[in-house]
Amino acid sequence: MKLYTRIIILAFFLFIAFGSCKVINPAEETPSYIHINKIDLNTNYSTQGDSSNNISDAWVYIDDDAIGAFELPATIPILNEGNHKIEIGPGIKLNGMAGYRSKYPFYESYINSNFKLVKDTIRAIYPSVQYIASAKFAFKEDFENPGTIFEKTSLSDTSIVIEDRGNPTSNNKKCGAIHLVGTDTVFECSTINDYSLPTNNSPVMLEIDYKNDNNFEVGMIANFTTSQQYKESLVTILPSDEWNKIYINLTSFISANNALSYKIYFYSHSSSAKNLYIDNIKLISF
């Protein structure tokens with residue numbers, strides 16, 4: 001084979017090889033970044049109760065296109081620059097489970113219609129949200145007033161008492177306390193009133209602040225008639241040394257039973273001294 005023929009063949013293969021590299025390894029686009037440390041909640045205390053929350057995630061949209069869900073705090077790369085609409089939906093752990101994350105249907109999204117993204121630059125966003133206007137509060141119990149919406153059942157040895165919360169806020173100075181000690185080994189209470197709730201798979205959630213050194217169950221009682229009921233434990237809440245918050249999804253239970261009305265109940269038992277504190281309990285639907 002002549003020399004110039006070999007040179008032509010070699011040049012052809014080098015062209016193919018280097019051309020392929022450009023396809024396989026294209027130039028990477030430099031992203032812009034946003035940083036979200038947390039999402040705050042503002043409430044009208046008289047109608048919506050305290051602003052305690054456990055917003056764990058940010059569901060991010062750019063110009064109405066989903067970017068993803070990010071556990072907070074988060075620095076998020078975005079392949080855009082210039083002015084864009086940014087929407088941030090507050091996300092929670094359903095039933096306190098890290099594997100079940102969702103946008104919370106009763107919090108509105110934060111929206112900035114003209115947020116400037118700058119390539120290779122981190123810009124912080126400080127979202128603040130509210131309950132959505134159509135959210136309906138069947139009840140709110142923060143134990144700030146004498147009496148409570150709960151009563152002990154026939155199974156219970158003890159009742160809820162109102163005590164100082166221990167770490168008060170401007171609105172929150174009291175909490176409900178349950179002490180299992182001595183012969184008081186079983187606690188069970190339910191709401192005094194029954195509540196009619198939507199049964200068409202429309203979201204229904206129960207919010208609870210809690211601090212406890214013993215497991216306790218949260219469940220519902222479905223009232224089909226004045227004499228026919230069905231009771232089911234929905235969530236077992238594990239001990240927490242610090243105040244925590246859980247969002248319990250009641251939607252499936254309500255839709256499956258399609259009862260006339262429902263009650264919420266709590267249950268715990270222990271043969272050794274244990275304490276349970278609850279606060280800011282809200283039953284919310286549309």
Side-chain angles (χ1 to χ4, degrees), residues 49-50 52 54 95-96 137-166 172-197 204-241 243-254 257 259-285:
D50 193 76
S52 75
N54 193 6
N95 298 338
F137 294 79
F139 68 73
K140 309 181 301 297
E141 177 59 274
D142 59 11
F143 303 98
E144 296 301 309
N145 298 311
T148 171
I149 66 169
F150 297 98
E151 62 181 357
K152 74 174 188 177
T153 71
S154 59
L155 294 178
S156 189
D157 300 323
T158 187
S159 302
I160 296 176
V161 294
I162 298 175
E163 296 183 358
D164 290 336
R165 181 173 164 120
N172 237 165
K173 298 177 176 62
K174 304 289 185 179
C175 68
I178 300 97
H179 303 295
L180 296 172
V181 60
T183 58
D184 295 339
T185 60
V186 176
F187 165 73
E188 186 180 69
C189 74
S190 67
T191 51
I192 297 171
N193 295 323
D194 303 329
Y195 299 94
S196 296
L197 298 166
V204 182
M205 302 291 291
L206 183 71
E207 299 184 12
I208 308 172
D209 290 5
Y210 64 94
K211 178 182 176 183
N212 58 311
D213 56 12
N214 194 55
N215 293 354
F216 73 100
E217 298 176 12
V218 181
M220 293 196 83
I221 301 169
N223 300 307
F224 298 102
T225 66
T226 55
S227 59
Q228 183 183 8
Q229 295 180 329
Y230 172 65
K231 178 181 177 182
E232 183 174 321
S233 174
L234 302 179
V235 173
T236 298
I237 298 179
L238 301 180
S240 175
D241 293 334
W243 280 100
N244 202 353
K245 189 179 195 75
I246 189 169
Y247 301 84
I248 300 176
N249 187 5
L250 309 179
T251 312
S252 297
F253 177 86
I254 294 168
N257 286 282
L260 295 175
S261 63
Y262 300 85
K263 288 187 173 186
I264 304 296
Y265 79 88
F266 301 140
Y267 174 85
S268 186
H269 73 279
S270 176
S271 57
S272 59
K274 299 292 182 179
N275 300 291
L276 164 63
Y277 303 94
I278 52 178
D279 203 1
N280 296 318
I281 307 168
K282 303 177 185 180
L283 178 59
I284 311 175
S285 66

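Remember, predicted model here, so these are calculated numbers, not experimental data.
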N275 versus E163: any side-chain heavy-atom pair under 4.5 Å? no
If I take atom CD1 from residue I160 and atom NZ from residue K152, how far apart are they, to the nearest 0.5 angstrom? 12.0 Å
Neighbour count >12 (heavy atoms, 6.0 Å) for atom NE2, H269: no
Exam field: side chain S268 to backbone N215, donor-acceptor pair closer than 3.5 Å: yes
Just how far is it from atom SG of C175 to atom CH2 of W243, taken to the nearest 0.5 Å? 4.5 Å
What heavy-atom pair brings N249 and M205 nearest, and what distance separates the two atoms? CA-SD, 3.6 Å
Across all chains, not counting sequence neighbours, the salt bridge (Lys or Arg N to Asp or Glu O under 4.0 Å) partners of K274 are none
Which atom names give the shortest non-hydrogen contact between F143 and I278, and what distance separates them? CE1-O, 3.4 Å
Donor-acceptor under 3.5 Å (E141 side chain, I149 main chain): yes
With a 4.5 Å cut-off on side-chain heavy atoms, are S156 and Y267 touching? no
Counting distance only, does the side-chain N/O of Y210 pair as donor-acceptor with the main-chain N or O of P239 below 3.5 Å? no
From E144 atom CD to N280 atom CG, the distance as rounded to the nearest 0.5 Å: 8.0 Å
To the nearest 0.5 angstrom, please state how far the CD1 atom of I281 sits from the CD1 atom of I246. 12.0 Å
Could you check whether K245 pairs with E207 (Lys NZ or Arg NE/NH1/NH2 to Asp/Glu carboxylate O, under 4.0 Å)? yes
Is the backbone of T185 close enough, under 3.5 Å, to the side chain of D157 for a donor and an acceptor to pair up by distance? yes
Between T251 (side chain only) and V204 (backbone N and O only), is there a donor and an acceptor less than 3.5 Å apart? yes
Between L206 and V235, is a side-chain contact (heavy atoms from CB on, under 4.5 Å) present by the stated rule, with each step listed? CA-CA 11 Å; L206 183 71; V235 173; over 6 Å; no
Please give me the minimum heavy-atom distance between M220 and F253, naming the atom from each residue. CB-CE2, 3.4 Å
Kindly compute the distance separating CD1 (I221) from OG (S190), expressed to the nearest 0.5 Å. 5.0 Å
Check whether any side-chain heavy atom of L283 sits under 4.5 Å from a side-chain heavy atom of L197, and report yes or no. yes
Counting N and O atoms only, with roles assigned by atom type, does the side chain of Y262 sit under 3.5 Å from a partner on the main chain of I254, one being a donor and the other an acceptor? yes
Answer yes or no: is there a donor N or O on one side and an acceptor on the other, between the side chain of E188 and the main chain of S154, under 3.5 Å? no
Between N257 (side chain only) and A259 (backbone N and O only), is there a donor and an acceptor less than 3.5 Å apart? no
Using a strict cut-off of less than 4.0 Å between a Lys/Arg side-chain nitrogen and an Asp/Glu carboxylate oxygen, indicate whether D241 and K211 qualify as a salt bridge. no
Hey, does the side chain of N212 reach the backbone of L238 with a donor-acceptor pair shorter than 3.5 angstrom? yes
To the nearest 0.5 Å, tell me how far F139 CZ sits from K282 NZ. 11.5 Å
Could you tell me if the side chain of I178 sits less than 4.5 Å from the side chain of F216, heavy atoms only? no
Apply side-chain contact (heavy atoms from CB on, under 4.5 Å) to the pair T158 and L180, showing each step before the final yes or no. CA-CA 8 Å; T158 187; L180 296 172; 4.1 Å; yes
Test side-chain contact (heavy atoms from CB on, under 4.5 Å) applied to N172 and D50, step by step: CA-CA 7 Å; N172 237 165; D50 193 76; 3.6 Å; yes
Quick one: closest heavy-atom pair of Q229 and N223, and the distance? NE2-OD1, 2.7 Å
Hey, does the side chain of Y247 reach the backbone of N54 with a donor-acceptor pair shorter than 3.5 angstrom? yes
How are the rings of H179 and Y277 set to each other: parallel, tilted or perpendicular (split at 30° and 60°)? perpendicular
